[in-house]
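Below you'll find the structure, written out as structure tokens, and then a few comments.
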Protein chains: 2
Amino acid sequence: MECDNMLARKLQRFSELAREDIDYLDDVIGPPAVLTPRRDIIREGEAPEDVFVLISGLACRYKLLRNGRRQLVALLVPGDLCNLHMMVLDRMDHSVGALSQCLAVRIPKRIIQEMLQRPAIGRALWWAALTDEAILREWLLSVGQRSASERLAHLFYEMYLRLQAVGLTDDNSYRLPVTQIELGDAMGLSSVHINRTLQKLRGQGLLAFDGGKVVILDPKSLMTYAGFRDDYLFLRGGHGRSSGAVRKRSRVPPG
Amino acid sequence: MECDNMLARKLQRFSELAREDIDYLDDVIGPPAVLTPRRDIIREGEAPEDVFVLISGLACRYKLLRNGRRQLVALLVPGDLCNLHMMVLDRMDHSVGALSQCLAVRIPKRIIQEMLQRPAIGRALWWAALTDEAILREWLLSVGQRSASERLAHLFYEMYLRLQAVGLTDDNSYRLPVTQIELGDAMGLSSVHINRTLQKLRGQGLLAFDGGKVVILDPKSLMTYAGFRDDYLFLRGGHGRSSGAVRKRSRVPPG
DNA sequence: CGTCATTTTGAAGAGCGTCAACTGTAGTGG
DNA sequence: CCACTACAGTTGACGCTCTTCAAAATGACG
């Protein structure tokens, strides 16, 4: 993983950048910091002076309830911006934590403001924020409407595509260094039920998860089983077919 | 509701705009269109040429599953932008539908691009997008971790504050023209359970919901009961106290 | 070898979903 | 004015999914 242009690489997934924009990004990026697994990078309520960009490892956004329950609201992969929020908002509404050992570079807020002035980079940053939001919507759909096994299947397929996009998959498998407890926190399920659901998915020959390694045993069946449509990830070239979705409970007439 | 500057009014919740920026917004906005209740404004997969801004009424974002299940992923109130997404993304990842009769103005994509060039307006649009995202995270927390009654209590309190911010509350009550089925679709619950939960909340003297009207019977108790903290709404002046949150299931050590 | 976190298994039960029937209300058309 | 329809709300009965509690098994590490 070449540290310096992980951000450029991500932003170029939206559109090609000019040589000078790429050079600018290379200049702007400082040396990466090492982040210990299971430590917070940024806490809810804080207002860090720098924006962090994840270079390697796996991190998450999460929110806590006073009773100790936790919801992961995003998984962050290399190239993702941890707190673009700070460029406009005055504090974080959630925390960001490292799940595995991570490398991250810091970019001063001032530089981010400069980046926004450059049209191509500015648009790419909008793209990054809006696709994050689209992923969030898909997670809400999962937690609200899908069964435990569909939810897990969907998550593992999403991470398969996202990690593939940054070159971190190996054939049909990839590393996802999370515990079953963390999977539970992400999916709104107990770790006990995660455990049983994983066994079921494994039994059905769809996927295997063990020791932080995911193996997609049957990509096509998994996609069908999860009801996965990649539209929401806005990947290069991945333009979804028009949704022939049917309604049953919905009351919105086909206006 | 003065149609024309509903957008200016919203963007000024972030920061004061210069006279010329306000004038610009007034110029840019065309006549409002009337939208029939329960009809889609924008469908998933489409790429409308204009961005819609809601002027009056209540709308929602939603996603469908092939089995007909539906998840509302946002409620939109006057001033909200329906599809800012289109300014960067090439299609919608979700649908937007009117819940009540609505008025909305259309702004051509080209104009939105112009708006982004104006620093003050551009920053305000970032603020709008990022607060939408923060609300989405709070919803995911609700659906993932809160009980049915906490979820409903939290939603009604959120809408209380959001509608208050646009002057649509009347003392401790406001209109929320949604059915119990739609509430169920929003909270990931069945309408039957919504019904029973509403009776429970009413019985506890927290709130009443009938015929599309919400009455907050005991604001303070409701807020406590829902575990509501207004930090995530980024309202003018509403800076949350530092969260004294405690963890129980979380494994992230106090960094 | 012992400690610790995580995974795994079992058993019991709560919360919520589904199904189905009934009520209330508004709209439609004879 | 009265069927007739349509849909939201309401209630009861039943059961499934998932949670909780508890304990044992596994594995990593000093």
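Computation of the quantities below employed the complete heavy-atom set of this structure, encompassing side-chain atoms and omitting hydrogens, waters and symmetry-equivalent molecules. In what follows, every chain begins at residue 1, and chains take the letters A, B, ... in the order their sequences are listed.
- In this structure, CZ of A:R146 is placed 18 Å from C1' of D:dC18, rounded to the nearest angstrom.
- Atom C1' of nucleotide D:dG9 and atom CD of B:E182 are separated by 13 Å, given to the nearest angstrom.
- A:G188 comes within 4.0 angstrom of the backbone, heavy atoms only, and of no base.
- B:R61 has a carboxylate O that lies under 4.0 Å from a charged side-chain N of B:D132, or vice versa, which qualifies the two as a salt bridge.
- Salt bridge A:R137/B:E133: absent, no basic N to carboxylate O contact under 4.0 Å.
- For the pair B:I181 CD1 and D:dA6 C1', the interatomic distance rounds to 12 Å; values are reported in whole Å.
- Classification of the A:Y174-A:Y160 ring pair by plane angle, with boundaries at 30° and 60°, yields parallel.
- Here A:E138 pairs with B:K63 in a salt bridge; the nearest charged N to carboxylate O distance falls below 4.0 Å.
- With rounding to whole Å, A:L189 atom CG is found 10 Å from D:dT17 atom C1'.
- Put simply, CE on B:M187 is 11 Å from P on C:dC16, counting in whole angstrom units.
- When the side-chain nitrogen and oxygen atoms of A:Q180 are compared with OP1 and OP2 of C:dT8, one or more of them lie within a distance under 4.0 Å.
- For the OP1/OP2 pair of C:dT7 and a distance below 4.0 Å, the side-chain nitrogens and oxygens of A:N195 include no atom meeting the criterion.
- Between B:R69 and C:dT18 there is a side-chain polar atom (N or O) within less than 4.0 angstrom of OP1 or OP2.
- Atom CG in A:N67 sits about 14 Å away from atom C1' in D:dT20, given to the nearest Å.
- For D:dG12, its base sits under 3.5 Å from the side chain of B:R196 at one donor and acceptor pair at least.
- OP1 or OP2 of C:dT6 sits under 4.0 Å from a side-chain N or O of A:R38.
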